[in-house]
Number of protein chains: 2
Amino acid sequence: MPGPIQSLSRAAAIMRLLAGGERRLGLSEVATALDLAKGTAHGILRTLQQEGFVEQDPESGKYQLGAELLRLGQSYLDVHELRARALVWADDLARASGETVYLGVLHQQGVLIVHHVFRPDDTRQVLEVGSMQPLHSTALGKVLLAYDPVARGQLGDGPLESYTLRTLTDPADVDAECALIRERGWADSIEETWEGVASIGALIQDRRRNPVGAVCVSGPVETVTEDGFVKPSLVASVRSAARAISRDLGAGRF
Amino acid sequence: MPGPIQSLSRAAAIMRLLAGGERRLGLSEVATALDLAKGTAHGILRTLQQEGFVEQDPESGKYQLGAELLRLGQSYLDVHELRARALVWADDLARASGETVYLGVLHQQGVLIVHHVFRPDDTRQVLEVGSMQPLHSTALGKVLLAYDPVARGQLGDGPLESYTLRTLTDPADVDAECALIRERGWADSIEETWEGVASIGALIQDRRRNPVGAVCVSGPVETVTEDGFVKPSLVASVRSAARAISRDLGAGRF
DNA sequence: ACAGGCGGTCGACATTGTCGACCGAAGTGT
DNA sequence: ACACTTCGGTCGACAATGTCGACCGCCTGT
């Protein structure tokens, strides 16, 4: 029986649809958006609802994602080996660098943040665990693009989305940058995704030397860069954190 | 077609099973645990896998939850109205009280933490958003038990799990306490779940006065209580935060 | 070398999810 | 106040669909 289970794929599509649109969606909206009969969509939604994956606003009748997803998402983090091993190293890195630290893994067409250590000052920051970052314009993403063929495959060959003037939008340019990244062993991104923000990332690999994720520090251009280049001391910190995590995962001695 | 979609319910059961057992589970384990034919379990797992809800460890072949759940869980938080409105109030409450602040909603047989503000000192703390707390032994839980009939229904009438010597394990005792909570308008829990930890909670209601969640402060007994009782000043802070959030939700003037 | 476990596949079967018409309620524009 | 639309939800017939259990090749421990 090689072939996905239809009702499951549809349920997944519905959840993604609900996750995408910011506001709640009605039954008919869901049905037409996914080209389903209303009855079919209703059956799936009803099941998802009683499993807790979807909730229904009692007054408007509209649907939104459910609490069970949050619980299961947390369970995902609990068993995430890379994250568990990286926790203390990420903390150390944040303390040593004075900047925000992210830990990300490849997921679909982006980088999923699985750990986030706030910059050790008292500015108000929002936790970004569970959110996605683009592959072609962030340090985390470019590290994965450089070392993980699967990531490169996800990128495709079409023009890429532009976020700032410095975003690389031509896949060929990204490939060239990836060659450089492989050569020197780390990636950076200076205002390629958000104005005023720069980051430096390095690869994490498992015991078999497979790429499994990336760490980065991220912060204001003013503190992360100097004369237009990222500070070498930060690069060293990130790389050594990445090596430490990889070693912890059993990647072997260096 | 009133009746859940079989394959979907089974998929949900599989994900919950994977979330429960700390370690990864093999195909056969899943199949026998849920009393499914191996082929059936495999079909569901394969679909879940290609949707990103489940991942398979390539060397052992065992299954674990997937990254898509984390992403969707985050999306759940993004649209969560209660949480959005409560963010700043929770921050203020943490600053004013000097203690950890939790925001929780009823989910199945427990309280799901949807927001968590660290105690404003520099101790290392782990984020508990997405985790569950028991209903009958925490301030959050008891608030919900006192005001939300659905929560009370979830509790059942059997003996309750005991965590410390002070845990109330008889539903009748809990009901009596709930009556008190309704009378005075707030709940506390002193070492009923974790030794050394006390908390104070109050109800949040929506524009229709329906209970929708609860806030609490939580901290060491030494700072939260005085002479065996919770500090009145903290009670006042929590209650006014709860009122503020309720008002923000449109619960009307008080 | 063997036995027993694993994850995964296959094809027949009938259960199960799907479809589109239909319903009452609520909203909307006139 | 009216007809008209659109909403969420239900129903029953149909066949497409998911389910089942035997089977396969592989690896592991004996």
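All heavy atoms count here, side chains included; hydrogens, waters and symmetry mates do not. Residue numbers start from 1 in every chain, and the chains themselves are labelled A, B, ... in the order their sequence lines are given, proteins ahead of strands.
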Asks: Does any part of the side chain of B/Gln64, heavy atoms only, come nearer than 4.5 Å to the side chain of B/Asp57, both counted from C-beta?
Replies: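 The answer is no; the side chains never approach within 4.5 Å.
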Asks: Sort and list the pairs that fulfil salt bridge (charged side-chain N to carboxylate O under 4.0 Å, His left out) and have at least one residue in residues 6-18 of chain B, not counting sequence neighbours.
Replies: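 Applying salt bridge (charged side-chain N to carboxylate O under 4.0 Å, His left out) to every pair that reaches into residues 6-18 of chain B, excluding sequence neighbours, yields A/Glu51-B/Arg16, A/Glu68-B/Arg16.
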Asks: Hey, does A/Gln205 have a side-chain heavy atom less than 4.5 Å from the side chain of A/Pro211?
Replies: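 Result no, sub-4.5 Å side-chain heavy-atom pair not found.
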Asks: Between D/dC20, D/dG18, C/dT9, which one does the side chain of B/Arg46 approach most closely?
Replies: C/dT9
Asks: Taking only side-chain N and O atoms of B/His42, does any of them lie within less than 4.0 angstrom of OP1 or OP2 on C/dG8?
Replies: yes
Asks: To the nearest 0.5 Å, what is the distance between CG (A/Leu72) and CD (A/Gln74)?
Replies: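 With rounding to 0.5 Å, CG (A/Leu72) is 10.5 Å from CD (A/Gln74).
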Asks: Tell me whether the side-chain N/O atoms of B/Arg10 come closer than 4.0 Å to OP1 or OP2 in D/dT19.
Replies: yes
Asks: Quick one: A/Leu8 CG to C/dG17 C1', roughly how many Å, whole number?
Replies: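 One finds 12 Å between C1' of C/dG17 and CG of A/Leu8, rounded.
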Asks: Are A/Thr40 and C/dC19 close enough that a side-chain N or O sits under 4.0 Å from OP1 or OP2?
Replies: yes
Asks: Check step by step if ring pair (Phe, Tyr, Trp, His ring centres under 6.0 Å) holds for A/Tyr163 and A/His136.
Replies: CA-CA 10 Å; A/Tyr163 307 103; A/His136 65 284; 5.6 Å; yes
Asks: Consider the side chain of B/Lys38, meaning its heavy atoms from C-beta on, and name the nucleotide among C/dG7, D/dG8, C/dG17 that approaches it most closely.
Replies: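 Nearest listed nucleotide: C/dG7.
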Asks: State whether A/Asp78 and A/Arg83 are salt-bridged, where the test is any N-O pair (Lys NZ or Arg NE/NH1/NH2 against Asp/Glu carboxylate O) under 4.0 Å.
Replies: no
Asks: Expressed as a whole number of angstroms, how long is the span from B/Leu27:CG to D/dC20:C1'?
Replies: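 After rounding, the reported distance stands at 14 Å.
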Asks: Provide, to the nearest angstrom, the distance between the CG atom belonging to B/Leu34 and the P atom belonging to D/dT19.
Replies: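 Atom CG in B/Leu34 sits about 12 Å away from atom P in D/dT19.
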Asks: For the side chain of B/Arg182 and the backbone of B/Trp186, is there at least one donor-acceptor N/O pair under 3.5 Å apart?
Replies: no
Asks: Taking only side-chain nitrogens and oxygens of A/Ser28, does any of them come within less than 4.0 Å of OP1 or OP2 of D/dG8?
Replies: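 Result: yes.
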Asks: Taking 4.0 Å as the cut-off, does a side-chain nitrogen or oxygen of A/Gln6 come that near to OP1 or OP2 on C/dT18?
Replies: yes
Asks: Specify the separation, in whole Å, of atom CG of A/Leu36 and atom C1' of D/dG9.
Replies: 16 Å
Asks: Expressed as a whole number of angstroms, how long is the span from B/Ile44:CD1 to D/dT17:P?
Replies: 17 Å
Asks: How many Å lie between CG on A/Leu25 and P on D/dC7, as a whole number?
Replies: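 Atom CG in A/Leu25 sits about 12 Å away from atom P in D/dC7.
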Asks: Rounded to whole Å, how long is the line connecting atom CD1 of B/Ile5 with atom C1' of C/dT18?
Replies: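 Between C1' of C/dT18 and CD1 of B/Ile5: 9 Å.
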Asks: Whole Å only: how far is the CD atom of B/Glu29 from the P atom of C/dG5?
Replies: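 Answer to the nearest Å: 13 Å.
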Asks: Hey, can you pull the residues of residues 55-69 of chain A with a non-hydrogen atom under 4.0 angstrom from DNA chain D?
Replies: A/Gln56, A/Tyr63
